[in-house]
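Right, one structure below, let's go through it.
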Amino acid sequence: MDLNRLAQKCSTVSHLKQLQAHLTTTGSFKSPFCPVRSKLIEFYALFPLPHQAHSLFLQIDTPSTNDFNAILRGLASSSQPAAAISWFHRMLRGSHKIDALTCSFVLKACARVLARSQTLQVHSQVVRCGFAADALLGTTLLDVYAKVGDLGSARKLFDEMPVRDIASWNALIAGLAQGNFASEALELFKRMREEGLFRPNEVTVLGALSACSHLGALKEGEKIHRFIRDEKLDMNVIVCNAVIDMYAKCGFVDKAFVVFDSVKCKKSLVSWNTMIMAFAMHGDGSKALELFEQMGQADVKPDEVSYLAALCACNHAGLVDDGMSLFNSMAENGVNPNNKHYGSVVDLLGRAGRLQEAYDIVKSMPMVPDVVLWQSLLGPCHIYGNVKIAEIASRKLVEMGSNNCGDFVLLSNVYAAHERWKDVGRIRDIMKNRDVRKVPGFSYVEVDGAINKFFTGDKNHEKWREIYDKLDEIRFKIKEFGYVAGTNYVLHDIGEEEKENALCYHSEKLAVAFGLISTSEGTSIQVFKNLRICGDCHFVIKLISMIYNREIIVRDRVRFHKFELGTCSCKDYW
DNA sequence: ATAGGGTTAG
């Protein structure tokens, strides 16, 4: 029987049952080798119907490695990848022979469930069975280590690999880019080009572009875009999407849209989502919603990411009613809201001051609200001084084991706004007792193509003296404008410092100051900040852009703010 | 017959 035809036909359980009956009558379960039987097992596993697959096993006289591999392969791609790992252990316990493919399939499952210690176990099996020299398996291992977050092991494997090929390089570059080691990913990409043994292909540039997006490294990103053209790499949808995302994340929506608009290939769902998210991040709600409409006309069905991007656009543009009707229309369009959608709506209502409504929605949720959701509810409480809801949300967060400094600070802000200093002190004590880790804020700034990273108040940069001098100058000028730091800013930063110091020695000001020193007049400065820009911060940047007559683009954790001569293109902020 | 590297996400 033709297996390809079989694969197309076997889309329902009854097909599988028919096939099984056929195999039983022909006595195929007795024979040691039968590809159709293995395929049947794989389909059952993929469905996933692990019990059916198991009962087939009981009919086989002596299950071969092929039969086991089939079930592993099916389960690894199914909705129950963890089951593949159990079957692997069953094989080991029963002393069944495993081969390189067996390992490859379990590893895929390990990656999907992010099982770090399991990956290590499979690795030791690989070594014990003598498969360590297998180049394909080596790359799989490397990739899985990276995916489960163990970049150290991934790197070590790469360095010690007897045979490396293009896929090994790609796996590590992509792994580093996704795993918060974006600058390392770019370095590796550079090294690959310098060594010249392998020519970067489409997959390689995807990893490198994704690294640029994470860093906001515009100059590098542009170089890669040029490289793609010069080397005539295939601008397929996926590469296009990555280019669009890169321009958007580097602050250039217009350029992103040019690429989006002029792509030769057919736009995919991801293309639309990426572009909608790009407009959302830049505060251009109407363009984002327009695209959302257009994608429907282009016969692309919005998925959960599309809705999230559209909701996000409403948040950033303050389109409360549009956001609500969008949210309410989700279910009838076949997309069930998840925690993130609820979070977005809570955020939307919260910013508009409709905290009770937001809380009612939280209470009505069919799933358990996650930490991020309670944080979204807690966030705007201090602006509107809602102690009651702030306390409810904080209690939930503490119950859920959150030890995040930001959560405590937000509650303390609410008390501070009501001048309940005793409660503020109590929160500080709790933070001390619970040993709440203060996460230092950091920013990136790109100057002349080089990326600099700053932590709050650090002195690591070679030019730190000049930077601090510049900060003094900035502080002086800001004071001349009669600016006084507000309470929420200081508490947000939980600096022990005095208000003024907290304001000026914040990482972001360091970055801005660095830009002021090093770039030539008239160039725009890009700052990439890991925190949200809050009220005072925002105001100070406006002042700086006005005083120094500079364009400053700041990307915080959720969106872009473009400051030009003391104005900001982003409509709302907090 | 069956294996590795890929884009979007408050």
Side-chain angles (χ1 to χ4, degrees), chain A residues 2-4 6-7 33-39 41-42 65-70 72-74 76 99-108 111 131 134-144 146-147 164-175 177-178 198 200-210 213 236-246 248-249 268-278 280-281 303-309 311-316 338-348 350-351 370-373 375-377 379 532 557-559:
Chain A
D2 179 12
L3 286 183
N4 287 329
L6 178 73
F33 180 74
C34 172
V36 181
R37 180 181 73 202
S38 300
K39 211 64 201 171
I41 294 173
E42 187 187 321
T65 304
N66 293 327
D67 296 313
F68 276 106
N69 284 357
L72 278 169
R73 187 159 108 109
D99 61 14
L101 290 183
T102 321
C103 301
S104 181
F105 298 141
V106 218
L107 283 170
K108 186 178 179 189
F131 304 146
D134 188 320
L136 270 74
L137 199 49
T139 301
T140 311
L141 261 170
L142 189 169
D143 179 49
V144 175
K147 289 210 166 89
R164 258 180 288 196
D165 65 11
I166 178 103
S168 327
W169 285 87
N170 292 348
L172 189 56
I173 291 175
Q178 305 288 314
F198 298 99
N201 64 11
E202 287 76 12
V203 183
T204 325
V205 294
L206 281 170
L209 283 170
S210 153
S213 299
N236 61 37
V237 225
I238 303 181
V239 175
C240 287
N241 295 344
V243 171
I244 295 167
D245 185 57
M246 182 275 293
K249 294 256 167 70
S268 70
L269 177 61
V270 177
S271 320
W272 290 94
N273 290 353
T274 307
M275 200 60 231
I276 294 172
M277 200 63 208
M281 272 201 317
D303 70 347
E304 39 183 17
V305 181
S306 324
Y307 274 99
L308 199 59
L311 284 172
C312 185
C314 295
N315 281 5
H316 294 174
N338 62 29
N339 251 313
K340 288 182 180 174
H341 299 105
Y342 276 100
S344 194
V345 173
V346 166
D347 203 38
L348 186 64
R351 282 171 195 242
D370 65 4
V371 174
V372 183
L373 206 129
Q375 286 168 341
S376 316
L377 188 62
R532 278 190 182 199
R557 262 175 48 203
V558 285
R559 85 197 92 145

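Chain letters run A, B, ... following the sequence lines, proteins first and then strands; every chain starts at 1. Worth saying up front: this structure is predicted, and the values here are computed from it rather than measured. Values below: all heavy atoms of this structure, side chains included; hydrogens, waters and symmetry mates excluded.
Following rounding to the nearest Å, A:R164 (CZ) and B:dG5 (C1') show an atom-to-atom distance of 15 Å. For the pair A:D303 CG and B:dA9 C1', the interatomic distance rounds to 10 Å; values are reported in whole Å. Distance, A:I244 CD1 to B:dG6 C1': 15 Å, rounded to whole Å. Between the CG atom of A:L142 and the P atom of B:dG6 there is a distance of 11 Å, given to the nearest Å. Atom CD1 of A:I166 and atom P of B:dG6 are 13 Å apart (whole Å). In this structure, the CZ atom of A:R73 is 5 Å from the C1' atom of B:dT2, given to the nearest Å. Straight-line distance from the CG atom of A:L136 to the C1' atom of B:dT2: 13 Å, rounded to whole Å. Atom NZ of A:K249 is separated from atom P of B:dT8 by 6 Å (rounded to the nearest Å).
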Does the pair A:N315 and A:V345 meet the rule for a side-chain contact (heavy atoms from CB on, under 4.5 Å), with working shown? CA-CA 8 Å; A:N315 281 5; A:V345 173; over 6 Å; no

Dump the intermediate steps for side-chain contact (heavy atoms from CB on, under 4.5 Å) on A:N69 and A:D99, then the final yes or no. CA-CA 9 Å; A:N69 284 357; A:D99 61 14; 3.2 Å; yes

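For B:dG10, its base never sits under 3.5 Å from the side chain of A:S344 at any donor and acceptor pair. For a distance-only test at 3.5 Å, the side chain of A:D165 qualifies as a donor-acceptor partner of the base of B:dG4.
The side chain of A:M277 lies closest to B:dG10, out of B:dT7, B:dG10, B:dG5. When distances are taken from the side chain of A:A242 to each of B:dT7, B:dG4, B:dG6, the shortest belongs to B:dT7. For A:L101, counting side-chain heavy atoms from C-beta on, the closest listed nucleotide (B:dT8, B:dG5, B:dT2) is B:dT2. Minimum atom distance to the side chain of A:S104 is reached by B:dG4, of the listed B:dG10, B:dG4, B:dG6. In the set B:dG6, B:dT2, B:dA3, the nucleotide with an atom closest to the side chain of A:N69 is B:dT2. The nucleotide whose nearest atom lies closest to any side-chain atom of A:K340 is, among B:dA9, B:dG5, B:dT8, B:dA9. Of the candidate nucleotides B:dT8, B:dG6, B:dG4, B:dG6 has the atom nearest to the side chain of A:I238. Of the candidates B:dG10, B:dG5, B:dA3, B:dG10 carries the atom nearest the A:V372 side chain, counting heavy atoms from C-beta on. Nearest nucleotide to the A:V305 side chain, out of B:dG6, B:dA3, B:dA9: B:dA9. Considering only the side chain of A:F105, B:dT2 comes nearest among B:dT7, B:dG6, B:dT2.
The two residues A:R73 and A:K39 have their closest heavy-atom pair at NH2-NZ, 3.4 Å.
Every residue two or more places apart in sequence or in another chain that forms a side-chain hydrogen bond (donor to acceptor under 3.5 Å, both in side chains) with A:N201 is listed here: A:N170, A:T204. The ring pair (Phe, Tyr, Trp, His ring centres under 6.0 Å) check on A:F68 picks up A:F57, A:H96, with sequence neighbours excluded.
Listed pair A:K108 / B:dT2 fails the phosphate criterion, with no side-chain N or O lying under 4.0 Å from OP1 or OP2. Considering only side-chain N and O atoms, A:K147 lies under 4.0 angstrom from the phosphate OP1 or OP2 of B:dG6. Distances shown here put every side-chain N or O of A:Q178 at or beyond 4.0 Å from the OP1 or OP2 atom of B:dG6.
Using a 4.0 Å heavy-atom criterion, one finds that A:L141 contacts no nucleic acid atom at all. Backbone-only engagement by A:T274 is indicated by non-hydrogen atom pairs under 4.0 Å involving sugar-phosphate atoms exclusively.
Note: A:T274 OG1 to A:D245 CG = 5.5 Å, rounded to the nearest 0.5 Å.
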